[in-house]
Amino acid sequence: MTLSSGESARATDWPAAMPARRLGPGPGAVEVLGVVLAVLSAVLLAALGPRWAAAQANYKPLERGDFVEEEEVVHVLKGVEASLDYAIQFADLSANDLPGEDEETKFIQDIRLGLTTAFHRDVALKLVLEPFPEPLSDGNIRREPRTERGRIAESQEIGINAREAYLRYNFNPRSGMLFGQHELSLADRRGKLFNAIVPAVTFDCEVGTWCMPFGAAKLNEGTADWLYHWALEYTAWDDAQPVLRSALEVEIFRLWYTEKDVPLGKNNGPTYASEDPLIANFTQATDDAGNPIYYDVHGHTVFGFRLNWEAGSFFWNFDWITSQGSRIYHRFRVPGQGIGGEMQFTSREDLRRQRKKINGFAIESEIGLRGPLSHIGVRYMFADGDKSRPTGDGRDFLRGLGGFYELTPGSYRGTRLYFNGFDSEVDQGMGLGHSINNTILLGLFWEIDDPDGEKIGYRGGIYDLRHVHAVLDARGDKQRLIGVEWDNMLILYWHKALQAQLEVNLFLQEPAFSYDDFTAPDTAEEGILQIIGRIVYQF
């Protein structure tokens, strides 16, 4: 399976011996960056202007009947098409200082069955079913059987969940309206901002010189809990080549977002609420009395720009995102009763945290060379953050953040181990799932893939991670260096629908490393080894 240059790829980084230094924009660096981008834009316009104009003069919109699709369609019932994504995976994470234990082992089975009606060419109902993905290692055959029939020993129950259920109306072969619960990936399309399954109405545009996808998604039960998104895409040209695609795509996008009663994580990003007070106090920020803190989002706006340029063996992907808005912090709001009391702090922290503005940005650039069966590139990512403010009580990691943050943390796939914590695909989601706030990544990634020839593929990358601004560790010392990660993934294609994957990922920790977004760094400088074995079946 060959990744296109627009997909998320692996990365590399600086040598660990390089002295720590500020890598993100400092005073005056933003202005320099703006000048550099302006010069690059002028050069692009001058070099590509004639071809741009020619592409528009010769462009013909795609009409029905102008294209042919050849695919295997499985019909389980008359009028119903089926698809399946299946993975059974074993993951072992080893380190001497893992919280609570020296080794963590996961054994997970992921099944997603898609059913699509085929009664009408332009209208279809899509349903994606999946068992609740409980780890298979949770089996307990020593419990009382759930039924008397046979009295056979049984492990954990398996329930069925409707992952996605929506209606799609295709008024164009490559464009349509989606109504219902479906996966939505917005803005940079790489998970740095928003990637979730939500009830939404979405206009999905996939073809044409100009496209304008837009829509609205419901995020919570409150009447104001909505996310509205809009984008304008322009394809200067898209030349079909026998081997390598040649194209230039530009997009601007904007999001407007409001939400109430968002659980405040200890990294001051959103987290998941829990009715268990022990879990809530571990993941959520609390006041001095131990009450979990929530916040309301008021008119948060996101604006950004995305570029994808492919020309022969050269490719460049770039995106820039900026966010502005404000939050109001409070204790939990009981439905129909209001907020249950004031936040309790022994210092003036409550006054500082009552309201907080959000104003930050993130950029990512991926540039490299590709061939028919391989590609190699350099990747740089910068996500804004805030300077540490020592509090004297070891709670600096609870500081308010004004920098860039994700609406859905843990969905960015910049690395296999440190960032990757999302399960949008069956062969994803076995990493630690960190947020990207206050982070710099620089690295080298490569891929060799030949499923039709040698039946083997390999993906690798090595990259450096560090904070933009230093954070305080558990001893009160400032730290910036997070660590170096080395990823390796070997793919064996047994069949066009069946493959085996073996991952060996190594992370060399530095003093700013933490296993999650909720605790201050307090680890020795040593290694973490992750080994994943996976069998994937898809049709």
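Across every non-hydrogen atom of A162 and Q181, the tightest pair is O-NE2, 4.0 Å. When all heavy atoms are compared, the tightest approach of A311 to W309 is CB-NE1, 3.8 Å. When all heavy atoms are compared, the tightest approach of G360 to D384 is CA-OD2, 3.7 Å. For the pair K106 and M430, the tightest heavy-atom approach, listed with the atom from each and the gap, is CB-CE, 4.4 Å. Looking at every heavy atom in both residues, L227 comes nearest to L219 through CB-CD1, 3.9 Å. The shortest heavy-atom contact between P270 and L407 is CG-O, 3.6 Å.
For E164 and K126, the salt-bridge test fails: no basic side-chain N is under 4.0 Å from an acidic carboxylate O. Ion pair D487/R459 not flagged as a salt bridge, since none of the NZ, NE, NH1 or NH2 atoms sits closer than 4.0 Å to an Asp/Glu carboxylate oxygen.
The closest donor-acceptor contact from the side chain of Q89 to the backbone of Q501 lies at 3.5 Å or more, if one exists at all. At distances below 3.5 Å, not a single donor-acceptor pair connects side-chain atoms of S435 with backbone N or O atoms of P409. Between the side chain of H120 and the backbone N or O of D122 there is no donor-acceptor pair closer than 3.5 Å. Under a 3.5 Å cut-off, the side chain of E485 and the backbone N or O of L417 do form a donor-acceptor pair. The backbone N or O of T519 sits less than 3.5 Å from a side-chain atom of S514, completing a donor-acceptor pair. Although no hydrogens or angles enter the test, the distance criterion places a donor-acceptor pair under 3.5 Å between the side chain of E406 and the main chain of I436.
Among the candidates E251, E366, E249, the single residue satisfying the side chain to side chain donor-acceptor pair (under 3.5 Å) test with N308 is E249. Of the listed residues (Y380, W320, Y412), just one forms a side chain to side chain donor-acceptor pair (under 3.5 Å) with E364, and that residue is Y412.
When the ring pair (Phe, Tyr, Trp, His ring centres under 6.0 Å) test is applied to H229, no partner is found at least two apart in sequence or on another chain. Residues satisfying the side-chain contact (heavy atoms from CB on, under 4.5 Å) test with T408, not counting sequence neighbours, are F194, A196, S411. The ring pair (Phe, Tyr, Trp, His ring centres under 6.0 Å) test applied to F90 returns no partner, not counting sequence neighbours. In this structure, the ring pair (Phe, Tyr, Trp, His ring centres under 6.0 Å) partners of H434, at least two apart in sequence or on a different chain, are Y418. Residues passing the side chain to side chain donor-acceptor pair (under 3.5 Å) test with Y537: none are found, sequence neighbours excluded. A search for ring pair (Phe, Tyr, Trp, His ring centres under 6.0 Å) contacts involving Y166 returns H182, not counting sequence neighbours.
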Practice task
Just do the side-chain hydrogen bond (donor to acceptor under 3.5 Å, both in side chains) check on Q428 and N420 with the steps written out, would you?
Solution key: CA-CA 7 Å; Q428 301 282 347; N420 183 10; 3.1 Å; yes
Problem - Stepwise side-chain hydrogen bond (donor to acceptor under 3.5 Å, both in side chains) test for W446 and S374 - result: CA-CA 7 Å; W446 56 89; S374 64; over 6 Å; no
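Rounding to the nearest 0.5 Å places CZ of R480 at 9.5 Å from CD1 of I482. Atoms NE2 and CZ, on H467 and F513 in that order, are 10.0 Å from each other to the nearest 0.5 Å.
In summary, the aromatic rings of F507 and Y515 are positioned with their centroids too far apart to meet the 6.0 Å limit.
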